[in-house]
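Here, residue 1 is the first one in the sequence, and each next residue gets the next number.
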Amino acid sequence: TVFYLPRRGECREWGIIASGPSLTEADCEKLKEWREKDKSRKVIVVNTSYKSALWADILYACDGEWWDAYIADILLRFKGELWTQDFPASGKYGLNRIEGSGAAGLGRDKIHYGANSGYQAINLAYLFGAKKMILLGLDCKRGPNNESHHHGDHPGKINKDMPIKLWIKNFTRLAEDLKSEGVEV
């Protein structure tokens, strides 16, 4: 298991692609174009959204069950870094692991969980030195046809709980902390 803090200051501008129902392939392509205009820009893709952005720099997912379901495909198709906070998954699959905490707000020396992978990916980008973030697919609501994700529901036993009210509360605090740190979102 590899555990370390991200390389602070490595990149100042980050895009984050999460799994909300609003995400489109066109959005992913626009973010890819944004990234390609400046090679110092980076993109984190969250969970199953990797399928829409195989070109992303980092894939982040917090749940070991998710890694169990998708690792074979990821290793075949995704070429970026793989990150998690899940200790067993990091050891089993050789993933980069970031230490985490259930504390509220922005983690300044480790990620704070915030009850979802998108929140954690934002915190990871901050730890990499982000001063600007572009967020896609962080809806915190179901789609017009009650869909939970742009890619459909997760298979099998993967967490299907969507505590949206909790997410909104957590993201509100995270947004305040990012603003106080001078991060443009």
Side-chain angles (χ1 to χ4, degrees), residues 1-6 14-21 23 42-54 56-75 77-78 80-128 130 133 135-142 148-175 177-178 185:
T1 299
V2 176
F3 165 70
Y4 58 92
L5 284 174
W14 285 84
I16 298 173
I17 301 173
S19 302
L23 185 69
K42 303 283 184 187
V43 173
I44 298 174
V45 65
V46 178
N47 293 335
T48 313
S49 294
Y50 80 90
K51 292 181 177 184
S52 297
L54 293 169
D57 302 285
I58 292 174
L59 166 55
Y60 183 86
C62 67
D63 298 313
E65 295 86 7
W66 184 88
W67 286 105
D68 292 341
Y70 291 98
I71 192 67
D73 184 61
I74 291 165
L75 292 176
R77 299 178 22 175
F78 189 80
E81 295 180 20
L82 307 177
W83 282 82
T84 190
Q85 60 78 35
D86 187 274
F87 186 78
S90 67
K92 191 186 314 185
Y93 302 122
L95 310 174
N96 295 294
R97 187 175 74 84
I98 184 71
E99 190 70 28
S101 164
L106 179 65
R108 290 168 175 86
D109 60 353
K110 60 180 130 185
I111 62 167
H112 289 174
Y113 299 137
N116 79 42
S117 290
Y119 185 106
Q120 293 168 35
I122 291 169
N123 207 149
L124 185 63
Y126 168 80
L127 291 173
F128 270 114
M133 295 185 204
L135 309 179
L136 301 177
L138 279 150
D139 300 2
C140 291
K141 65 180 183 177
R142 289 190 172 271
S148 59
H149 301 88
H150 74 93
H151 52 70
D153 286 339
H154 292 298
K157 65 179 184 173
I158 296 175
N159 185 0
K160 291 180 172 53
D161 185 30
M162 292 188 58
I164 293 172
K165 289 180 182 177
L166 175 61
W167 291 349
I168 292 169
K169 177 184 168 203
N170 291 344
F171 275 111
T172 300
R173 170 70 188 276
L174 180 62
D177 287 353
L178 288 167
V185 179

Does [X] use its side chain to pair, donor to acceptor, with the backbone of [Y] at less than 3.5 Å?
X      : Y      : answer
Arg97  : Leu95  : no
Ser117 : Cys62  : yes
Tyr119 : Gly105 : yes
Asn116 : Gly118 : yes
Gln85  : Ile98  : no

query: Residues two or more places apart in sequence or in another chain: which of them pass side-chain contact (heavy atoms from CB on, under 4.5 Å) with Ala125?
result: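 By the side-chain contact (heavy atoms from CB on, under 4.5 Å) rule, Ala125 matches Trp14, Ile16, Ile44, Ala130, Met133.
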- prompt: Got a sec, which residues hit side-chain contact (heavy atoms from CB on, under 4.5 Å) with Ala103, two or more places apart in sequence or on another chain?
  reply: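 Result, side-chain contact (heavy atoms from CB on, under 4.5 Å) vs Ala103: Ser101, His112.
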- prompt: Atom CG of Leu136 and atom OG of Ser49: how far apart are they, to the nearest 0.5 Å?
  reply: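 Answer for the CG-OG pair, Leu136 versus Ser49, is 9.5 Å.
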field: Results of side chain to side chain donor-acceptor pair (under 3.5 Å) for Asp57 - residues two or more places apart only
entry: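 Asp57: side chain to side chain donor-acceptor pair (under 3.5 Å) contacts with Arg35.
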Side chain to side chain donor-acceptor pair (under 3.5 Å) between Tyr93 and Asp68, worked out: CA-CA 9 Å; Tyr93 302 122; Asp68 292 341; 2.6 Å; yes
task: Might you work through the side chain to side chain donor-acceptor pair (under 3.5 Å) test for Thr48 and Trp66, ending with a clear yes or no?
output: CA-CA 9 Å; Thr48 313; Trp66 184 88; 2.9 Å; yes
- prompt: Between Trp67 and Leu82, what is the shortest heavy-atom contact and its length?
  reply: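 Shortest heavy-atom contact: CH2-CB, 4.0 Å.
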